[in-house]
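Below is one structure, written out as structure tokens; the observations come after it.
Computation of the quantities below employed the complete heavy-atom set of this structure, encompassing side-chain atoms and omitting hydrogens, waters and symmetry-equivalent molecules. Letters go in sequence order (proteins before strands), and every chain restarts at 1.
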Amino acid sequence: MREPLKKIFSTDLNKSLLATLSRYYPPIEFNEALIDIVNILMDGLSRGDIYIDMKKIPKNLELKYKDWPNYHMKALLESGWTKGDNSPIVLNGDLISWRRTHNEIVETIQKILLRNQPINHSSKQLTVRINSRSLEHLNVQQIEAVNLVKSQKIILLSGGPGTGKTSTILQMLLQALTRNPTLNIAMAAPTGKAAKKLKDTIQAGIVDFEDPIKDKLSNIPSKTLHKWLEAGANGFRRNSQRLLKLDLIVIDEMSMVDLSTINGLLDALTKSCQIILVGDPDQLLPIGSGGIWQILQEKETKTNLQSNSVKLTKSYRNKGDIALLRNTLKDEGVDAFWHMLSMKKDSSNTSQYISSLKSIPDPVVRTLFNYRKKLKKLTENCINHIPNEAWQSSMIEVEQSVDILKLFKFIDNLLILCPQRYGPWGVKKIHEFLLGNRFEEEVHKWGEGTPIMAKSNQPEIGLANGDVGIIIGNGEKRRFLFNVFAEEQRLVTRLINPSRLNIFDAAYAMTIHKAQGSEADQVLLLWPSTSKVSEKNTLKNFFSDDYEKRMLYTAITRAKKQLLVITNKEEDF
Amino acid sequence: MTNIELFQANKYPLSNGMRLIEASAGTGKTFSLSHLVLRLLTEKEYSINEILVVSFTEATASEIKARIIERLILALKIIESINTNIKPYEVDNVLNEWVELNITSKERALYIASLLLEALERIDNADITTIHGFCSKTLHREAIENGNNLNPTIEKDSKSLINEIVEEYWKKEILEIEISELKGLFKSNFNRKNLIEVLNSLDNDPNNCFKQTFNDLKIEENLSNQLNNYIESLWIKFTTVWEEKGRELEDSFIEIAKDLRSKGIEDTKPYSTKPRKNRYELLSNWIEEYKEKKRPSYEDIQNQTLINKYFHPKNIYQLDMKHKINSCSKGMELILDIIGDLYDSPGEFVWEHALLWTKRELEKRKSKKGLINYSDLLKLLDPKNLHSNEIKDEVNPNNIYRNLEKRYKVALIDEFQDTDPVQFRLLKKAFGKRSSHLLLMIGDPKQAIYSFRGGSLNTYMKAREACDRIHLMNANYRSTKPLILTLNKLFLDGLIRSNLSTQELNPCSQEDKLELNGIKEPFKIINLICNNQKEKSQRIKLDSKSKIEDKIPKVVGSYLLELLSNNPKDLKPSDFCILVNRHDQANNIHSYLSKIKIPSQLLSNENIFTRKGAQILQVFINCIVSPHNQQKLALLACSELMQWKKEKLIKSKFDGDFDSLSSKFYELSKLFPTIGLLGCLSKFLEGKSIADLSNRGTLLGDLYQSSQLVDEQIHRQKFNALRASQWLSSQRFLSIEQIPEEYQPNSAVSNSSVNIITIHKSKGLQFKIVICPYLWQKPPDRKSHLWKDNQNLLISKKYKWNKKYSLFQDFIRKESLNEAERLAYVAFTRAKKQLIVLWANAAGQEGNPLSGFLFGSESINLKIEDHTKEMMENSFTKRELKVDIQDIKITETNKTWIQSKREVKLSLGAIPTHQFENSWGRYSFSKWLTQRDDELILKNLTDELNEDHAFKDEIEDISFQEIDQVIVEKDQSFNRLEDQIWSKESPISDFPRGPIAGTCLHKILERIDFNDIENELKVSTIIEEELNIVNISNSFIEPIIILLKRIANIPLGGPLGKFKMKNLDSKSSIKELKFDIPICHEANPINTLELSSIFREDVQNKYGSDYINKLIDLNIHSSGFLTGSIDQVFADNPNHKIAKWWVLDWKSNWIGNSLSKEHSSSCGPSNYSISKMDEEMYHHHYPLQAHIYLLALHRFLNWRLPDYSPQKHLGGYIYVFLRGLPDEEELEEKNFLQWTPGLIVESAPIERIKKLDLLIKRQYK
């Protein structure tokens, strides 16, 4: 898993990149200021930003040469690196980007537009009349989305958390099935956890449905995109040579999908395949090659796809101040958000706490201690209800007793979020606090009731990267209790032998990136340094405005009921 | 045909032309060839670069090169010796004759010498190579000279590329085909493996091309649809014609049966005069089933036995072939063809699509990557393709050939019988001009056994026709005279099937006939009699081939056992070579021989990492890397290591066994850094599975050997498990030209075992006794997916049932019989002294290569039942052949081979000249020492500077200053009173320290003979040599001599009293005695605690319970082997019956005081007090070492010394600290005989040794 906020591209790398570029595309006029441009472009990539606006003075980087952007623009133009079709950099108005990624984006959009054709209705229609449940409970936007299924091959459905994306998807699928009940439908998401969650919510949504259609819907496979594309060491094994024969595919959490994956998917789908893209455009961008979803949401591109896009705005969840804060952040920016937060002293479900960076903040400590104690107790309760044979093998299903349900519900209750893994208030610090300084080496000593997170996809035991489970039992009987997907896409509980897990980590706290796709009633967000006073603040330097905004947005929208934001005192710096 | 003359090495004309030398086996072909090169260089004055020598394999080419160099050097030396009158070299007659003919004057001699020198100087660039090497060199040269952009990467074959393409094709086309059709396809032999195989053979065949036969097949288009349409059309065709003519067909079959019956032929299967079933109706009903539905799938068609076994045309043609008639009437042909089509063509259709597609893709990718394989090389240069445009762009062959003509004057072609048509075309085009070139081909048509590589006897025979002159080589240097005379008579009629004549060979070997008990003649036949064969019964029911083949290992094994035990003095297992046809036969014999304990080896030049053992090891180590990985664990579970069945594997997922496997590896992965791979492996394998594995031939040995090699890398390069796994896999797939000795499987290293080898591989080799146990077998019919018509290779059997196809089938059948005959010839001629052939009458083995030779040429077409023993004997009498025929019944023997013990008085004999296998073990004493806990290693690092052998690493890291400081401190705390009386300096106190210097001293001591210590010249030569090796100053020669004299003259004291090294009889001493002690092979590994318990015994002896505390520091946990080498073992009395035996270890440890007050270091007897030596002993765990050495000695004596008793014979151990030895005079002067500085002499603590013995060999409880 990519670690967020770590400097992915070192300056050395950037230097040699510049040297290589100079060798392959000898600049007409070499100017050392080009290193600034390379630095900025690479830095953007590390956050998922593909286009860099030259007009804005980069805050997050120290420039080697003064007089940005005029001096640099001149250097860039004189180098000839933006001229011609083979030049390494594209200059588009005030925006610069690597040609490689730019071309990839252009190509992807081209592919999407090419597919964007109205559906020609086949003659064999409506052989089965599905009693499509009244769309009454849907709002106007949702109904609009459902109607698009009738006519559009490409549908973009965007909306923040709690805007009813999943229930809309369900209705869209129903709509599609009314057209033709034999459709070959697939669901996909960028991560295993998201795929699981999508499947989960669909499953929960169809409980009241009637049988043929319920059956059909519950059998729709949901896998990660990489799984669908059969990604391997040599790229995707599903490609234009070997198409995926699907009639409809739903891709959730589009905001996390990177360019090359969506590109690969577009290549591997048949021409007739209907594509429904779902996501929240305000969340974090995928690292590395940039997110196509956010670009698709931009106004220029959207004009072409206007008629295919629906934006869900009515939120059914995190009511009250959380929603308010979210909207403020989205519409007015970071500063307004902080301002508003500091105003909300006596809010019902949001609060701010200020603490010193030197220690783990008190509320976190208190919450964690209680959390740990309760977890331990709940775990112990579970043991009695687990049959003996279940301890024997990782593949045996355990009946979900009330205690187990309770336990998992409790785990899902709380999220402690940190922007980073390392540093003060990092995930690691919190775990060290709870599990000891050598907790990473002493995995075998983590006690019963420690929540853990799987950090790789292991389909053979049903685990997805990001799944959270808990340690249960001691000694010979030490196992990991997980809710996993069995082969037939059923959610089951299993006691997994510790040796069967590839990589895992403790899960008392997690990074915001990791939390993408999860939700909890109560969210504690540790947000070191909101101060803009100190120029030397290294942590601070790392955020660009937009990035900070997305990060915050993602973090606070994880909260369903309660949000506590903890910031540090300014004098810490 | 031209006249045939005998070849004479010095008279053979060197004039231009196209010529052939036919050289039978063992006639010194390579020798003559190198002599001819010598003559060409001197008599014709060709430059070595103008001579091209081409051989069949890399190995033979490099052997020829070596022989040529040898020849030239020898000639040069003789010429020099003539001029300088030094004592003449002993040389062969041929060379003597040559000297007489050529060295006519001093000037001439000088001139010839200069020619030879020049040739030798350039020989590295000489073109002595294989045909492929020659081609690629030519192309490269052409590229360089003409500036063509042709720099292809040459590969032996394109296997990996082919695999890749087939894989792609499979996904793109095959997996898209519907499953029911696919199942049918697989029945028609179409599968991935076969596709790869056929594509590979097409790719490697420069002679033929694949031809498309389905005209409407389109490679571009989707196969699945095309196939569907095609089967559809076939089905319609079939149903129409069936309706019309089906009944008629059934009737004609009945007619045929009647017709045959009337001709007196009983066997009319599958047709019958009065069939019980109406097959027409049955099949019609089947067709009816599909009236409404879709057509039957290809699987249904393939499963329809009525078609396959009855109506399919192959049945009628088989019948025809059998009875050599033509019963198929014109009217039937049409419907038969359509039935055949329906059954076969869909499969062939897919085959053809697959082959065309993959072939095209392969060519595309090869040209894109710039790859070229051997066959492409030949194709590229093939004169036949001169006008093809494809090549014109890149190379101009005309130019190439012009250049070749210019470059070479002579081409010598070795092993010409295996040349294929393209190769010959090429050679002829380049060197065939009779006026300007000598094209000399050397070969033996009787040894043409590589037809599967494209070589064909036809090419040879054609070339033979075209030759100007043919010479024969008939002087045999290989086999003894009686054997040659026998073989001459045996081959009198030539090779009948291959239509080749033989020449009478002239025996020239000086070696004697082998006189053996149980063998009367050099040619022996073992006549296998079946148990159920009743004599004089009318109809003998012969055993089937497989039944007899199963028995062969037993027959050969018990016969070998008999021979070996009847001739214990004259025969060793290594005298034998068993020649087999196939590898599985070799394996069968090998495993039976190991059962009756006759050592044997499969001869193959293999890399241990390419073996199964390494593959399993990879699976094992992968599991250590990722114990959570289900796939990898499952792979291991099903491997030989665990042998889970499928059901067990499925069950294991639920009963928890799989989880425990995973946990087990999780544990191992934690242990891996401390116990290494071998440790993990032995932990994983418990007694039971080891026993099973060792039954699987060499697997266990290979497994251990390869893991030992991996461990070495882990240790040396500090690998973790992942890197170790990567290293192993890189070794497994890396092709190394020269396989390092340690990578050769140990299981085949032994040189005292029976050789087992395939006849193909035996070419060029010779063995004292050759056994051919499988020649009574008819060669199997060659199966090929493609068949050949002219130069076209075809998959489609559309024309299958016509003449061409049956002619082809007939042709390859005959070819394989012919080749089997030649293989038999090759096998027979491998023998130097004795040839043993096994004959058995097995059903259906007509066509076997033996019957012509054993029963007379007229009998080759007889039925196998008629090959009686009487007939064989008659045939031999007629040919005046003396053959020893022995009847053998198949009986299982319970005996095992026991190496004969000679009834001689026990004494120390000569030192064996052959090497002992000693690389197998792993836990050496020093390995045990390195297994102490991490912290201890750190603590003790400073002292290790002193130790001689074991610790080489990390020493540099510690600054000397620091170490010195430590030593000084230690020194000062020491009571020096008793030390003061001894001198401070040792002669070698300045001698360098550290492992290299220590090893050097050991080497010197190993070579020195203390009896002869006064021979200063000899001693100083040895010392100087050894010092030079490690680059230590010669100024130490003198001090070391002094030291050696001290060693020789000092009375050893203690229990040995006045015994001195110089009095030691050299016959009573063994230096560098290596040992391998198996540890706990069936029980839990031995550990430190157990080991330390032995020191509780023998309280009166030194290093007892006080040593236990020190020992606990070690972290020993071993099973497997304990290996080591004892510096010296000696007996203190020349009468070994009363002597005590001692182990002696030299120690070069430095216990000086480095920074004394004068700031110069000193080290001498005064530093080596008992207490300080003890400290040293403890520190380096020498007491443990001494006990292990004594155990080794104990076991050794138990084995070699009659009436051995430890009390009587086991002496003890001696540690000699070289730097501490005092002068002899000083010793006498001090008259201090309780102890001698630098010497520790202790009697053996017998109880401890006995306990250690038990501990180490303990059995599984």
Can you tell me how far apart CZ (A/R478) and OG (B/S663) are? Round to the nearest 0.5 Å.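 The OG atom of B/S663 is 11.5 Å from CZ of A/R478, to the nearest 0.5 Å.
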
Got a second to check how far B/F658's CZ is from A/Q392's CD, nearest 0.5 Å?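 B/F658 atom CZ to A/Q392 atom CD measures 15.5 Å (nearest 0.5 Å).
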
More than 12 heavy atoms of other residues, nucleotides or ligands under 6.0 Å from [atom1] of [X]: yes or no?
{"X": "A/N384", "atom1": "CG", "result": "yes"}
{"X": "B/Q631", "atom1": "CD", "result": "no"}
{"X": "B/K183", "atom1": "NZ", "result": "no"}
{"X": "A/E441", "atom1": "CD", "result": "yes"}
{"X": "A/R100", "atom1": "CZ", "result": "no"}
{"X": "B/K651", "atom1": "NZ", "result": "no"}

Interface residue of largest heavy-atom contact number with chain B, from A/R237, A/Q241, A/R242, under 4.5 Å: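 Going by pairs under 4.5 Å, I would pick A/R242.
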
Salt bridge (Lys or Arg N to Asp or Glu O under 4.0 Å) involving A/R238 - partner list, sequence neighbours excluded: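 A/R238: salt bridge (Lys or Arg N to Asp or Glu O under 4.0 Å) contacts with A/E230.
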
Only counting residues at least two apart or in another chain, list the ones meeting salt bridge (Lys or Arg N to Asp or Glu O under 4.0 Å) with A/E399.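 A/E399 satisfies salt bridge (Lys or Arg N to Asp or Glu O under 4.0 Å) with no residue once adjacent residues are dropped.
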
Chain A heavy atoms under 4.5 Å from B/S626: which part of the residue, side chain, backbone, both or neither?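 B/S626 has no heavy atom closer than 4.5 Å to chain A.
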
Neighbourhood of chain B inside residues 495-502 of chain A, taking heavy atoms under 4.5 Å as contact: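 Answer by number: A/N497, A/S499, A/R500, A/L501, A/N502.
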
Heavy-atom closest pair, residues A/S393 and B/S652: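 Smallest interatomic distance, heavy atoms only, reads OG-O, 4.4 Å.
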
So which residues of residues 171-182 of chain B are in contact with chain A at a heavy-atom cut-off of under 4.5 Å?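 Result: B/K171, B/K172, B/E176.
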
